[in-house]
Amino acid sequence: MKRTLCYVVAVVAAALLGACSPQSYDVVVVGGGVSGTTAAIRAARLGVHTLVIEEGPWLGGMLTSAGVSATDGNYRLRGGMWGELRDSLEARYGGAEALKTGWVSNLLFEPHVGAEIFAAMASAEEQLSVAFESRVESIERIDGVWNITLRGPKGKQRVVARVVIDATELGDVAAAQGVGYDLGMESRAVTGEDIAPEEANGIIQDLTMVMILKDYGRDMTIPRPADYDSTLFACACDNAICHTPKEANRLWSQQMMLTYGRLPGGKYMINWPIEGNDYYVNMVEMTPEERREAVAKAKAHTLNFLYFIQHQLGLNTLYLADDEFPTEDLMPIIPYHRESRRTHGLVRFKLQHITSPYDYTLYRTAIGVGDYPVDQHHTRYTGWEALPNLYFHSVPSYGLPMGTLLPEGVDGLIVAEKSISVSNIVNGSTRLQPVVMQIGEAAGIIAALAVREGIEPREVSVREVQREVLRGGGYLLPLLDLPATDSHFAALQRVAVTGVMECVGMTVGWENQTWLRKDEPISVAELSAGLHRFDGDRFTLRSEERMVTLADLEGWFGEINDAIWNAWGLPDYNANRPLTREECAVVIDALLRPFEREVTINGDFQ
């Protein structure tokens with residue numbers, strides 16, 4: 001009896017001790033949105049024990065929980081986990097063409113399908129745990145270890161981690177840790193951006209409470225909302241009560257408004273920026289209760305728009321889809337935030353870094369790419385007419401610098417989602433879904449490498465992160481010359497991102513494109529200038545305008561025989577013919593090994 005009693009006491013004591021002892025992880029990701037999900041999966045794939053803490057029941061953030069299941073940009077830059085998502089969607093729906101159901105995007109899907117895909121991707125990783133319906137109550141770094149208290153379905157839990165990634169929608173973790181940030185528009189004097197306003201302000205972009213509608217085939221008109229005002233939506237599309245549209249050049253037909261976000265399965269995503277369900281409120285620095293009240297008002301605004309669609313436009317068989325979101329009101333789980341705190345990072349990415357990349361060195365630190373114009377939504381803000389017109393302001397495609405993810409002054413922390421260190425104007429492009437996925441992927445890589453090497457995230461080698469991005473089939477610079485599946489893809493990326501060969505950006509219609517011009521020859525003068533930039537001690541400048549031949553490369557790097565040439569997968573071994581830029585890039589990558597030369601977080605060669 002005594003022995004049994006002692007055993008029971010020991011078991012109870014062990015259980016109590018276990019309940020008090022924190023669960024240990026290498027990396028904790030706060031926020032299971034777009035970047036939080038990709039960060040957690042990527043870190044786990046690199047073998048580090050990872051936890052993602054998500055307040056809702058789904059992973060995927062704006063692509064799923066917010067209902068914005070239409071992606072913008074990077075359509076021709078298919079790589080990394082962005083490519084994995086597209087592969088899964090195409091497999092689910094029956095090919096790429098099946099996703100071209102609306103005109104706002106070439107890739108649309110039902111939010112619940114996106115959530116299922118992200119859940120499957122996460123569940124496939126043995127090193128990844130997900131705490132759904134959980135929120136962080138406290139987070140503190142003590143002696144190099146993050147101590148986190150979270151509350152979820154199992155009550156209060158304590159966890160510890162070596163690295164934390166802030167993937168919250170509004171940058172809450174970084175702000176709580178004292179990281180500096182900007183909110184709203186910076187002044188032109190501060191950023192040097194010629195289209196920035198003269199004076200700074202605290203105005204952020206409109207958010208949207210999206211709705212997914214489906215046709216029920218019968219009258220589904222909701223009761224008239226008590227605060228309904230048809231004038232708020234009068235010119236959402238061309239109709240009988242539209243007389244003075246805010247944007248006369250953007251007055252679309254009723255059908256165009258509806259099919260803008262038509263989804264597979266015949267549903268309609270209503271995320272309509274033209275006098276529709278965009279809603280202005282700056283909830284970033286509100287208390288949790290104030291945020292809940294703000295979301296309730298945004299929902300009410302969207303329901304008013306629904307009544308307008310049903311009553312004024314006569315589309316009374318359309319109503320909120322009852323098979324999308326796991327919510328009682330059939331609305332999305334979260335609002336679509338276009339803007340967050342923009343933290344002060346080791347690097348601040350500004351418009352001039354995109355428009356004139358070779359005037360700076362940041363392009364050498366790129367860890368992801370974007371190609372969408374600057375797109376800002378402000379028309380629900382009272383006084384929007386006086387703000388800079390940033391509706392689809394064209395910029396070249398770009399590589400995003402690694403230092404934008406690393407906050408100043410706080411160790412052990414990486415920032416992701418829309419809170420990275422960029423200007424307000426640049427956020428109008430980096431906020432878009434494919435870019436945010438890549439931000440998360442890079443954040444996960446940085447975190448995993450920091451853990452594995454026992455160093456701070458800011459000490460992680462830029463080149464090691466870039467190597468891992470390439471191993472995952474991701475882009476460093478937005479070169480359209482070769483897809484990520486091509487055997488020479490990584491060579492061109494390495495030669496371009498080290499500046500040995502410069503690429504050219506251009507705008508073609510709605511597209512922002514960047515090309516290395518792989519099939520064109522390159523002059524001796526241009527290539528020698530690139531090699532000299534890379535290593536001025538080894539390579540001298542040459543002025544010949546004739547085109548580079550194999551003999552020239554042998555003069556720089558030594559003899560190249562036909563067996564080596566063929567092993568590189570290059571055609572027509574001929575010492576005297578002009579070489580293409582691709583051929584030169586492959587040879588330079590193999591013999592110069594440009595990634596063996598490290599760069600600082602600012603892109604200066606070490």
Side-chain angles (χ1 to χ4, degrees), residues 28-43 50-74 80-82 84-86 88-89 105 107-122 128 130-136 165-174 205 207-212 261 269 271 283-284 291 295 298 324-327 331-341 368 370 405 414-420 427 430-444:
V28 166
V29 183
V30 184
V34 175
S35 66
T37 301
T38 54
I41 292 171
R42 201 63 161 87
T50 305
L51 171 69
V52 58
I53 303 170
E54 166 53 38
E55 292 192 6
W58 283 1
L59 297 174
M62 57 180 162
L63 281 173
T64 59
S65 299
V68 189
S69 54
T71 64
D72 295 305
N74 285 38
M81 293 182 68
W82 159 235
E84 290 182 40
L85 173 63
R86 290 177 61 177
S88 297
L89 288 168
S105 170
L107 199 154
L108 298 100
F109 55 94
E110 295 157 288
H112 79 272
V113 171
E116 291 169 4
I117 289 171
F118 281 126
M121 292 171 69
L128 176 59
V130 182
F132 286 113
E133 306 282 3
S134 300
R135 59 182 175 84
V136 172
I165 298 174
D166 180 355
T168 58
E169 291 292 322
L170 299 175
D172 293 333
V173 172
Q205 290 196 63
L207 59 76
T208 306
M209 205 71 213
V210 173
M211 53 183 167
I212 306 295
M269 179 195 70
N271 173 30
M283 67 170 66
V284 175
R291 286 183 179 180
V295 170
E324 274 302 328
F325 303 107
T327 54
M331 298 281 274
I333 300 162
I334 61 172
Y336 174 33
H337 297 283
R338 293 183 176 87
E339 194 165 337
S340 169
R341 299 176 173 95
L405 281 65
I414 302 167
V415 176
E417 197 62 28
K418 294 176 283 285
S419 301
I420 61 172
N427 171 74
T430 59
R431 70 177 178 82
L432 295 162
Q433 307 94 331
V435 182
V436 175
M437 286 191 74
Q438 293 169 90
I439 289 168
E441 192 166 356

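Below, each value reflects all heavy atoms present in this structure, side chains not excepted, and no hydrogens, waters or symmetry copies.
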For residues 432-442, which side-chain N or O atoms pair as donor and acceptor with protein atoms under 3.5 Å away, sequence neighbours left out?
residue, atom, partner, partner atom, Å
Gln433, OE1, Asp72, N, 3.1
Gln433, NE2, Ala70, O, 2.9
Gln438, OE1, Val369, N, 3.0
Gln438, NE2, Val369, O, 2.8
Gln438, NE2, Pro434, O, 3.1
Glu441, OE1, Met81, N, 3.2
Glu441, OE2, Arg42, NE, 3.0

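Arg291 and Val284 make their closest contact through NH2-O, 2.6 Å (heavy atoms, listed as atom of the first residue, atom of the second, distance). The shortest heavy-atom contact between Leu207 and Pro335 is CD1-CB, 4.3 Å. In terms of heavy atoms, Asn74 sits closest to Trp82 at O-NE1, 3.0 Å. Shortest non-hydrogen contact noted between Gly32 and Thr37 is O-OG1, 3.0 Å. Minimum interatomic distance between Val52 and Ala40 (heavy atoms only, all atoms of both residues): CB-CB, 4.0 Å. Residues Val29 and Ala167 share a closest heavy-atom pair of CG1-CB, 4.0 Å.
Residues satisfying the side chain to side chain contact (heavy atoms under 4.5 Å, CB included) criterion with Ala174, sequence neighbours excluded, are Asp166, Val179, Thr343, Leu413, Val415. By the side chain to side chain contact (heavy atoms under 4.5 Å, CB included) test, Ile334 is found to be paired with Ser65, Ala66, Glu169, residues two or more places apart in sequence or in another chain being considered. Scored by the salt bridge (charged side-chain N to carboxylate O under 4.0 Å, His left out) test, Arg338 finds Asp278 as partners (sequence neighbours excluded). Checked against ring-ring contact (aromatic ring centres under 6.0 Å, His included), Trp58 has the following partners two or more places apart in sequence or in another chain: Phe325.
Residue pairs satisfying the side-chain hydrogen bond (donor to acceptor under 3.5 Å, both in side chains) criterion with at least one member in residues 107-122, sequence neighbours excluded, are listed as follows: Arg92-Glu116, Tyr93-Glu110, Glu110-Lys267, His112-Glu324.
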Q. Is there a side-chain contact (heavy atoms from CB on, under 4.5 Å) between Thr208 and Val68 once you walk through the steps?
A. CA-CA 9 Å; Thr208 306; Val68 189; over 6 Å; no
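Distance alone, capped at 3.5 Å, places no donor-acceptor pair between the Thr327 side chain and the Ile333 backbone. Proximity of a side-chain donor or acceptor of Arg135 to a complementary backbone N or O of Glu55 within less than 3.5 Å is not detected.
A 4.5 Å side-chain heavy-atom check between Arg431 and Gln205 finds at least one atom pair inside the cut-off.
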